[in-house]
Amino acid sequence: MTYDVIVIGGGPAGLSGAVALGRALRSVLVIDSGEPRNAPADGIHNFLTRDGMTPAEFHAAGRAEVRKYGGEVIEGSVTSVRPGFEVRLADGATFRAKRLLITTGLADRLPGIPGLAERWGSMVLHCPYCHGYEVRGQAIGVFGDAEKVRLWQQWSKDVVPLAVDDVAAVEDGGVRLKDGSFVARDYLVVTTRMEARGGFLEELGLEPVEHPMGIGTYVPAIDPSGRTAVPGVWVAGNVADPMAQVISAAAAGLTAGAMINFDLLPALDTP
């Protein structure tokens, strides 16, 4: 079987795009690696009517909605995409599609401080708009410049700057400095390097490029719908916009899905 669209990535962008395509009566397959970026978070915020919903609940509800409209969702890791949009998974399964929607998201690369990665998403935070309200008034340490410190002071008056090179390890309740002293903190804020996911992207001709803001890599689209320079391929969500939150990633998926449906319409007859 050749699907109208294969969506690679089952986060908010991919699921939203798949719902739009299902509602347009398109055959759609979502391939999800099951590794959502926000998995460690305790809840989604700034998503109207979904505030506090856990990422697991959100993804389960999204998958159910895709299936409600006739879409298929499977778990698997895409290893290659061959000409003609033949998508191959790590287990050897292959699928074909007329169009592709890439929503593989990004990976956060953390500073190599011992104890930091283990506390990512709990004690160690990144986005003030995702977590600031929940940690308001707490003791916060910020790895970053003066502007980032100033921003977090909107949520707490007890904010101190930290330098990566000065810290020996992150421990429960704070950081151990290289001079042996301990700085007690309830939460830590770190700037990650955000890198587009998808080892198969270059095979498609979609090599990730450095973001203009110097925050990592992304796959640029050539128009607001998420269309790429590769015919038949769209991108949406964090793989195309590292700064997108859950609600904006979902919106981008909807836009891409609608435009892919339009692209699949038969050509107009001409006299």
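Computation of the quantities below employed the complete heavy-atom set of this structure, encompassing side-chain atoms and omitting hydrogens, waters and symmetry-equivalent molecules.
Under the side chain to side chain donor-acceptor pair (under 3.5 Å) criterion, R88 pairs with no residue at all, not counting sequence neighbours. Qualifying side chain to side chain donor-acceptor pair (under 3.5 Å) partners for E57, counting only residues two or more places apart in sequence or in other chains: T54. With sequence neighbours excluded, no residue forms a side chain to side chain contact (heavy atoms under 4.5 Å, CB included) with A251.
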Audit row: D166, K178, salt bridge (charged side-chain N to carboxylate O under 4.0 Å, His left out) steps and yes/no: CA-CA 6 Å; D166 294 339; K178 290 180 179 178; over 6 Å; no

Check against side-chain hydrogen bond (donor to acceptor under 3.5 Å, both in side chains), S181 and D179: CA-CA 6 Å; S181 61; D179 64 8; 2.6 Å; yes

Verdict with reasoning, L21 to N261, per side chain to side chain contact (heavy atoms under 4.5 Å, CB included): CA-CA 7 Å; L21 288 160; N261 176 67; 4.2 Å; yes

Stepwise side chain to side chain contact (heavy atoms under 4.5 Å, CB included) test for K98 and V5: CA-CA 6 Å; K98 299 173 185 175; V5 185; over 6 Å; no

Full working for side chain to side chain contact (heavy atoms under 4.5 Å, CB included) between V142 and V190: CA-CA 6 Å; V142 176; V190 64; over 6 Å; no

Residues V19, Y69; criterion side chain to side chain contact (heavy atoms under 4.5 Å, CB included); working and verdict: CA-CA 7 Å; V19 167; Y69 292 109; 4.1 Å; yes

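Put simply, V170 and F182 are part of two different groups of oily side chains (I, L, V, M, F, W, Y) that touch within less than 4.5 Å, one to the next. Note on V124 and V164: same hydrophobic cluster, where clusters join Ile, Leu, Val, Met, Phe, Trp and Tyr whose side-chain heavy atoms are under 4.5 Å apart, directly or indirectly. Under the 4.5 Å side-chain heavy-atom criterion for ILVMFWY residues, no single connected hydrophobic cluster contains both W152 and M123. Linking ILVMFWY side-chain heavy atoms closer than 4.5 Å, directly or via other members, places L101 and M259 in a single hydrophobic cluster. The hydrophobic clustering, which links ILVMFWY residues whose side-chain heavy atoms are closer than 4.5 Å, places I247 and V239 apart.
Checking side-chain atoms of N238 against main-chain N and O of D241 turns up a donor-acceptor pair under 3.5 Å. Formation of a donor-acceptor pair under 3.5 Å by the T217 side chain with backbone atoms of E195 is not found in this model. Of the possible polar contacts, one joining the R197 side chain to the L106 backbone as a donor-acceptor pair under 3.5 Å is found. In this structure, T103 contributes its side chain and I8 its backbone to a donor-acceptor pair below 3.5 Å. Checking side-chain atoms of S16 against main-chain N and O of A13 turns up no donor-acceptor pair under 3.5 Å.
Atom-to-atom distance recorded for T2:OG1 and L29:CG is 11.5 Å, nearest 0.5 angstrom. Between atom OG of residue S33 and atom CD1 of residue I74 there is a gap of 11.5 Å, rounded to the nearest 0.5 Å. Between the CG atom of D4 and the CD1 atom of I260 there is a distance of 10.5 Å, given to the nearest 0.5 Å. For the atom pair H45 NE2 and N38 CG, the distance stands at 10.5 Å (nearest 0.5 Å). Taking CZ of R176 as the reference point, atom CD1 of I113 lies at 14.5 Å (rounded to 0.5 Å). Rounding to the nearest 0.5 angstrom, the gap separating the CH2 atom in W234 from the OG1 atom in T228 is 8.0 Å.
Using a 4.5 Å heavy-atom threshold, the side chains of V219 and P208 count as touching. You'll find the side chain of V135 stays beyond 4.5 Å of the side chain of D186, heavy atoms only. Two residues are said to be in side-chain contact when any heavy atoms from C-beta on lie closer than 4.5 Å; M194 and R37 meet this criterion. Taking 4.5 Å as the limit, every side-chain heavy atom of R50 sits out of range of all side-chain heavy atoms of V246. With contacts defined as side-chain heavy-atom distances shorter than 4.5 Å, the pair H59/P36 qualifies. Within the 4.5 Å cutoff, the side chain of V159 has heavy atoms near those of the Q153 side chain. Counting only heavy atoms from C-beta outward, the side chains of P111 and L116 approach each other to under 4.5 Å. Inter-residue side-chain proximity for I31 and I6 is flagged as met; some heavy-atom pair is nearer than 4.5 Å.
Applying the under-4.5 Å side-chain rule to Ile, Leu, Val, Met, Phe, Trp and Tyr, the cluster around V209 extends to Y218. Through direct or indirect side-chain contacts shorter than 4.5 Å among Ile, Leu, Val, Met, Phe, Trp and Tyr, L25 is connected to no other residue.
Checked against L188 for a side-chain contact (heavy atoms from CB on, under 4.5 Å), the options L162, V183, L125, I140 give a single hit: L162. Exactly one of H126, K148, H131 qualifies for a side-chain contact (heavy atoms from CB on, under 4.5 Å) with V189. That residue is K148.
C130 and N46 get closest at one heavy-atom pair: N-ND2, 4.4 Å. Residues A18 and V66 share a closest heavy-atom pair of CB-CG2, 3.8 Å. Shown here for A236 and A256, the closest heavy-atom pair between the two residues is CB-CB, 4.3 Å. Of all non-hydrogen atoms in V28 and G22, the two that sit nearest each other are CG1-N, 4.4 Å. Between A168 and P114, the shortest heavy-atom contact is O-CD, 3.4 Å. Heavy-atom minimum distance, V235 versus A240: CG2-CB, 3.6 Å.
In this structure, D32 pairs ionically with R63, as a charged nitrogen and a carboxylate oxygen lie closer than 4.0 Å. By the 4.0 Å N-to-carboxylate-O rule, E134 lies too far from R136 to be salt-bridged with it. A salt bridge is absent between R67 and E72: the closest approach of a Lys/Arg side-chain nitrogen to an acidic carboxylate oxygen does not fall below 4.0 angstrom. Using a 4.0 Å cut-off between a side-chain N of Lys or Arg and a carboxylate O of Asp or Glu, R193 and D108 do not qualify as a salt bridge. Ion pair R99/D263 flagged as a salt bridge, since at least one NZ, NE, NH1 or NH2 atom sits closer than 4.0 Å to an Asp/Glu carboxylate oxygen. One finds no salt bridge joining K68 and E65 here, because no Lys/Arg side-chain nitrogen approaches an Asp/Glu carboxylate oxygen to under 4.0 Å.
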Show which side-chain atoms of residues 198-205 pair as donor or acceptor with protein atoms under 3.5 Å away, not counting sequence neighbours.
{"residue": "E203", "atom": "OE1", "partner": "V81", "partner atom": "N", "Å": "3.2"}

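Looking only at atom types and distance, the side chain of S225 has a donor-acceptor partner in the side chain of D223 under 3.5 Å away.
Within 6.0 Å of the CE atom in M1, the count of heavy atoms belonging to other residues, nucleotides or ligands exceeds 12.
A ring-centre distance under 6.0 Å is not found for F95 and F85.
Ring orientation note: the planes of Y129 and W155 are nearly perpendicular, at an angle over 60° on the 30°/60° scale.
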